[in-house]
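Here's the structure, in structure tokens; my notes come after.
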Amino acid sequence: MLEAWEFILRRPELLAEWVLAHLWIIFVAIIIAVILGVFLGIFITGKGREQIADSVLYLAEIAMTIPSLALFGLLMLLLGSMGLKSIGFLPAVIALVVYGQLPILRNTYTAIRAVDPAMVEAGRGMGMTERQILFKIELPLAVPVIMAGIRTSIVLLIGIATIAAFIGASGLGVPIFRGIRNARMDLILIGGISVSILALIIDGLMALVERRITPKGLKVGRQ
Amino acid sequence: MIKLEKVTKVYADGTKAVDEMSFEVDQGELCVFLGPSGCGKTTTMKMINRLIPITGGNIYIDGVDNTKINASELRRNIGYAIQEIGLFTHMTVGQNIETVPVLKGWSKSRRRERAEELLELVRMKPSEFIDKYPNELSGGQRQRVGVARALGTDPPILLMDEPFGAIDPINRVELQSEFLKIQQKIKKTIIFVTHDIYEAIKMGDRIALMKDGKLVQYDTPANLLYRPKDEFVEGFVGADRALKGLQLLRVKEVMTGTYATAKMGEKTEVVRERMEKEGIDWLPVVDNSGRFTGGVSISDLTGGRAKTVKDVITPSEAKSDINAVLNEALSLMLSSGLKTLPIVVEDNRLAGILTFDAIQETLHEAVKTGGTK
Ligand SMILES: Nc1ncnc2c1ncn2[C@@H]1O[C@H](COP(=O)(O)OP(=O)(O)O)[C@@H](O)[C@H]1O
Ligand SMILES: [Mg+2]
């Protein structure tokens, strides 16, 4: 423990580098995951797409069960055979997008499906187009739930991103792997504790955002 | 004007929900769609604003085939209110009412002004309610906002599917009466769906009675009650049609207009003499400006010498508005035990009285002649 502390004092720039690299990978991955997840989520709520919805959600569910180590390995081989960069940032981001997908996708889908059909019917009856129904009714009502999905997703990715070091991506996984290889307790501790602290801070921030973003009408009164 | 011509709907699963329905609804008329559950009322209504595509026949709005009009455009010019209301919970009352004005691109100030005007119309104080959220309102208030929202851009036509269906009976009667008053002001062409015959008789200028997707009788409430076309109508109207006729009549058509009264400051003896002369044992009391304040019975007037009416008056709340429906007034008489019900106009001014005798006479006449209106 003491050694870990001494290491930080000695090489603070190293820790900072790992933390930033860790955050950067997650940031890129989550942006892509949100765009993909929300779009796909909206798409599969469309009329007559119940079958597609079932299949998509099932696939996303399955993707979650692939052990992360195996997925990283698979991606390495796959990207390599396609002539792309098979180690480092690219496969790491792809894997995180795959994992980050499900909570966002599922929450978007569930939240839009949960919108009171009477509101949609009233909107349509008053002459809203399908697009206006989506943007003026369904999405505003679904936003808090989608945010909750994004929050779950980010916290999940903070942990999984450590394993990305296995395929040569930078981040807080680096000291952990190095520590394991060289039997250096201090490095393992530095990596592990930083990941936990990061997760707690970001989760707290996201909770605030979630509350801010909930429409006022849903927070007041009964029901 | 709305005109249906052999309108037919067959759903994808083969259900024939509406079968060659033809009739017209005149400008400014309130037409009730009435019939047992599943007879096709909602389907027929939703084909008018094209929420449900028509299978056969035509619907004309002011002479124009509604399939020739862009669906969203069509709906923006037809007010729409449903039983579940469907207020947008993430928007304020004001924003809800401004839905169609926003869709039509009205300016912010014009929208706001309209929202306030409409809240006034449904008797909700704009300053108090405009920034509230639907979840902060009672059921009755939500229903009012739903009606206000349907009137957003003052559309000439209004479609209402069991708009008061989810409201408790007491509030429903009140909302119905209020809505009738509003309709007297706005004179819209209205389709009003209900399965409640009482509501139909009270609200409708005309009733379209349906059964299994077919139009059985399209007529005034009085004709439906007193001149049923066949056994189905007779059965649907019920054996108590004379009683239901109470819904058809307004207090003002039955009440006795000129009637003796007592003034607040009058001597009791004078009043008693008047009562004895007229042979009546109860008089309504009015103040100097003719406002109804209570009643005096002859038994209150015995004894005491130099007393005035003011000393012996029984203050009373039981009274009826001149525009009330007869059965509501009658019900009040039964529950309050009054044999004579004071009838008031605006400002609580006494306009006359209602008695059991007068009611009985009028109803008997109606059954005998087959409806007075
Ligand atoms: N989407 C639908 N698909 C198939 N049948 C339907 C559909 N909607 C309504 N129906 C059927 O059409 C008939 C008329 O329904 P509806 O117009 O809702 O009746 P009402 O409003 O008078 O209760 C009923 O038999 C109902 O079951
Ligand atoms: Mg219905």
Side-chain angles (χ1 to χ4, degrees), chain A residues 38 41-42 45-51 107-150 208-223, chain B residues 12 42 45-46 48-52 69-104 131-139 141-142 145-146 149-153 155 158-161 163 166:
Chain A
V38 171
I42 291 171
T45 51
K47 242 185 279 167
R49 305 217 176 101
E50 291 78 8
Q51 288 266 280
N107 280 28
T108 304
Y109 176 76
T110 329
I112 291 182
R113 289 291 300 268
V115 170
D116 182 358
M119 289 192 216
V120 176
E121 151 120 21
R124 191 173 290 130
M126 286 187 291
M128 283 187 180
T129 59
E130 294 308 307
R131 176 181 293 254
Q132 284 165 333
I133 290 172
L134 178 66
F135 283 103
K136 284 170 183 276
I137 306 174
E138 293 176 326
L139 277 183
L141 286 166
V143 150
V145 182
I146 296 176
M147 265 327 276
I150 296 175
L208 283 181
V209 174
E210 208 179 305
R211 209 167 313 149
R212 281 292 299 273
I213 214 165
T214 303
K216 193 162 162 250
L218 304 184
K219 289 188 267 189
V220 298
R222 299 154 303 154
Q223 288 185 349
Chain B
T42 299
M45 192 192 86
K46 284 188 177 172
I48 295 174
N49 66 355
R50 290 179 55 196
L51 281 174
I52 293 179
I69 309 168
N70 170 282
S72 297
E73 203 49 48
L74 174 77
R75 291 176 201 149
R76 284 173 200 179
N77 292 312
I78 299 180
Y80 187 61
I82 49 177
Q83 174 173 348
E84 308 80 19
I85 320 176
L87 290 183
F88 306 137
T89 47
H90 58 299
M91 296 185 192
T92 61
V93 165
Q95 288 168 331
N96 266 285
I97 297 176
E98 288 174 29
T99 304
V100 185
V102 167
L103 293 177
K104 287 194 156 194
D131 291 324
K132 281 228 160 83
Y133 286 94
N135 285 349
E136 298 174 287
L137 306 179
S138 71
Q141 288 167 339
R142 283 181 209 176
V145 175
R149 184 173 69 173
L151 292 167
T153 49
L158 218 53
L159 305 182
M160 309 176 89
D161 195 348

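Here is how names work: the chains are called A, B, and so on, in the same order as the sequence lines, proteins then strands, and each is numbered from 1.
- Counting heavy-atom pairs under 4.5 Å between each of A/G125, A/P140, A/A122, A/P215 and chain B puts A/G125 at the top.
- The closest donor-acceptor contact from the side chain of B/R76 to the backbone of B/V100 lies at 3.5 Å or more, if one exists at all.
- Of the listed residues B/G86, B/G79, B/A71, the one with more heavy-atom pairs under 4.5 angstrom with chain A than any other is B/G86.
- Residue B/L74 does not touch chain A at all, counting heavy-atom pairs closer than 4.5 Å.
- With a 4.5 angstrom heavy-atom cutoff, B/L87 touches chain A only via backbone atoms.
- Separation of atoms NZ (B/K132) and CG (B/L137) is listed at 7.5 Å; rounding is to 0.5 Å.
- Proximity to chain A (any heavy atom under 4.5 Å) is shown, for B/K104, by neither the backbone nor the side chain.
- Ranked by heavy-atom pairs under 4.5 Å with chain B, the list A/T129, A/T214, A/V120, A/I137 is led by A/I137.
- Counting heavy-atom pairs closer than 4.5 Å to chain A, the top residue among B/T92, B/T153, B/T99 is B/T99.
- Here the rule is side chain to side chain contact (heavy atoms under 4.5 Å, CB included) with A/I112, and of A/V145, A/I42, A/L141, A/V38 only A/I42 fits it.
- Looking at B/N96, its side chain does come within 3.5 Å of a backbone N or O of B/M91 through a donor-acceptor pair.
- Checked for salt-bridge contact, A/E50 and A/R113 miss the test: no charged N lies under 4.0 Å from a carboxylate O.
- Residues B/F88 and A/M126 approach most closely at CZ-CE, 3.8 Å, considering heavy atoms.
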